[in-house]
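Have a look at the structure below, then the notes.
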Amino acid sequence: MRNAIIGGIGVITFVAGYIQGKKERVHWNYDFHKPIFGKVLAATPFTPAVTNNQPTTSRISQIMKYGFPGLENIRSFDDYVLSYDRRTRVAYWVFEHLTKENIKSNETVDRSLCEFKPDESIHPYFRSLNSDFKGSGYDRGHLAAAGNHKSCQKHVEQTFYLSNMAPQVGTGFNRHSWNRLEKYVRKLTKLHNNVYCCTGPLYLPRKESDGKNYVKYEVIGANNVAVPTHFFKVVVMETVNGTFEMEAFVMPNQPIDDSIPLSSFQVPPDSIERSAGLLFFDNLSKEKINKINGKRK
DNA sequence: TTTCATGT
């Protein structure tokens with residue numbers, strides 16, 4: 001049933017993408033990525049792939065096994081899935097599935113060959129460009145980390161689309177504490193066979209001097225790319241006995257002292273869901289999750 | 001080890 005639903009979503013997204021692509025290509029001449037599912041024939045019922053033989057179809061359903069956090073502007077790549085926010089020019093979320101094997105770096109893979117490139121699948125009105133980031137003082141910070149996709153050159157390269165970037169404070173954040181969090185998530189694959197990771201920006205309200213709450217964020221470049229106030233990461237680990245553990249983190253987009261333990265950034269997952277407007281792991285029954293942020297439920 | 005930007 002779940003697969004039928006996911007299949008349905010794939011069909012809708014593909015059809016919408018196809019129509020949009022056809023229509024807009026006349027005016028804009030830009031490409032769009034593969035649909036969520038590679039093959040769609042109107043008369044053929046969707047049959048979920050059981051094995052993980054190469055088709056993208058099965059890889060994407062593997063990554064999204066426990067549900068889409070939201071359904072807006074879905075883009076699927078070979079090894080991660082992204083939902084794009086046209087208004088902020090920053091993704092709503094990205095989703096990854098990590099295993100010991102698929103994050104193992106291949107010697108032939110070279111990150112330095114990768115280039116940050118505009119995502120041609122996004123309409124030019126809503127697409128961020130390298131020039132937006134240049135001189136802004138912010139890093140082009142990966143949401144789906146390059147370090148999670150080093151088994152294959154094509155996969156790392158696909159993490160360099162600007163649709164996967166958010167303006168992040170470099171020193172003290174992207175290059176330090178946020179990177180620490182990313183390494184921690186990779187390390188979880190040493191303990192658990194399957195790690196699912198959802199990452200995204202937050203724009204959190206703050207009390208101003210008049211005592212009222214406002215959401216305030218900087219925008220950079222000609223395209224007014226939003227600078228998120230915070231970033232979240234929600235991780236689910238599948239344990240050997242078929243139960244699950246969840247950890248949820250929120251870090252402010254500012255320099256963070258490296259001596260502050262990652263555990264102090266843990267928050268109740270529903271607090272992120274409420275502020276981001278997303279639902280995490282909605283297909284996973286709550287009874288199967290027996291630990292949240294390291295604590296038994 | 002991984003993140004990046006910038007200056008030569």
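Worth saying up front: this structure is predicted, and the values here are computed from it rather than measured. So that the names make sense, note that chain A is the first sequence line, chain B the second, and so on, each numbered from 1.
Annotation: side-chain contact (heavy atoms from CB on, under 4.5 Å) contacts of Gln266(A) (sequence neighbours excluded): Glu247(A), Phe249(A), Ser263(A), Asn293(A).
At the phosphate of dT2(B), OP1 or OP2 sits under 4.0 Å from a side-chain N or O atom of Lys150(A). One finds no side-chain N or O of Arg186(A) lying less than 4.0 angstrom from the OP1 or OP2 phosphate oxygen of dT2(B).
Checked against the 6.0 Å centroid criterion, the rings of His142(A) and Phe160(A) qualify as a close aromatic pair. Close placement of the Phe231(A) and Phe173(A) rings is indicated, their centers lying within 6.0 Å of each other.
More than 12 heavy atoms of other residues, nucleotides or ligands sit less than 6.0 Å from atom NZ of Lys117(A).
Regarding Leu181(A), its CG atom lies at a distance of 14 Å from the C1' atom of dT2(B), rounded to whole Å. One interatomic measurement links the two molecules: CG of Asn253(A) to P of dC4(B), which rounds to 13 Å at whole-angstrom precision. Going from atom NZ of Lys183(A) over to atom C1' of dT1(B) covers 5 Å, rounded to whole Å. The distance between atom NE2 of His142(A) and atom C1' of dT1(B), rounded to the nearest whole Å, is 15 Å. The nearest whole Å value for the distance from the CG atom in Asn148(A) to the C1' atom in dT3(B) is 13 Å. The interatomic distance linking Gln168(A) (CD) with dT3(B) (P) rounds to 11 Å, in whole Å. One interatomic measurement links the two molecules: CG of Asp258(A) to C1' of dT1(B), which rounds to 14 Å at whole-angstrom precision. When the C1' atom of dT3(B) is taken as reference, atom NZ of Lys233(A) falls 13 Å away, rounded to whole Å.
Sequence neighbours left out, the pairs with a member in residues 263-273 of chain A that pass salt bridge (charged side-chain N to carboxylate O under 4.0 Å, His left out) are Asp270(A)-Arg274(A).
Between Lys154(A) and Asp78(A), at least one side-chain N (NZ, or NE/NH1/NH2) sits under 4.0 Å from a carboxylate O, which counts as a salt bridge.
Contact annotation: side chain of Asn179(A) to base of dT2(B), donor-acceptor pair present below 3.5 Å.
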Restricting both atoms to N or O, compile the protein contacts to nucleotides 5-8 of chain B shorter than 3.5 Å, with distance only.
residue : atom : partner   : partner atom : Å
dA5(B)  : OP1  : Arg140(A) : N            : 3.2
dA5(B)  : OP1  : Arg140(A) : NE           : 3.0
dA5(B)  : OP2  : Arg140(A) : NE           : 3.3
dA5(B)  : OP2  : Arg140(A) : NH2          : 2.5
dA5(B)  : O4'  : Arg175(A) : NH2          : 3.4

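Just one of Phe232(A), Tyr196(A), Trp93(A), Phe244(A) meets the ring-ring contact (aromatic ring centres under 6.0 Å, His included) condition when paired with Phe280(A); it is Phe232(A).
Among the heavy atoms of the strands, none lies under 4.0 Å from Gly170(A). Counting non-hydrogen atoms under 4.0 angstrom, His176(A) reaches nothing in the nucleic acid.
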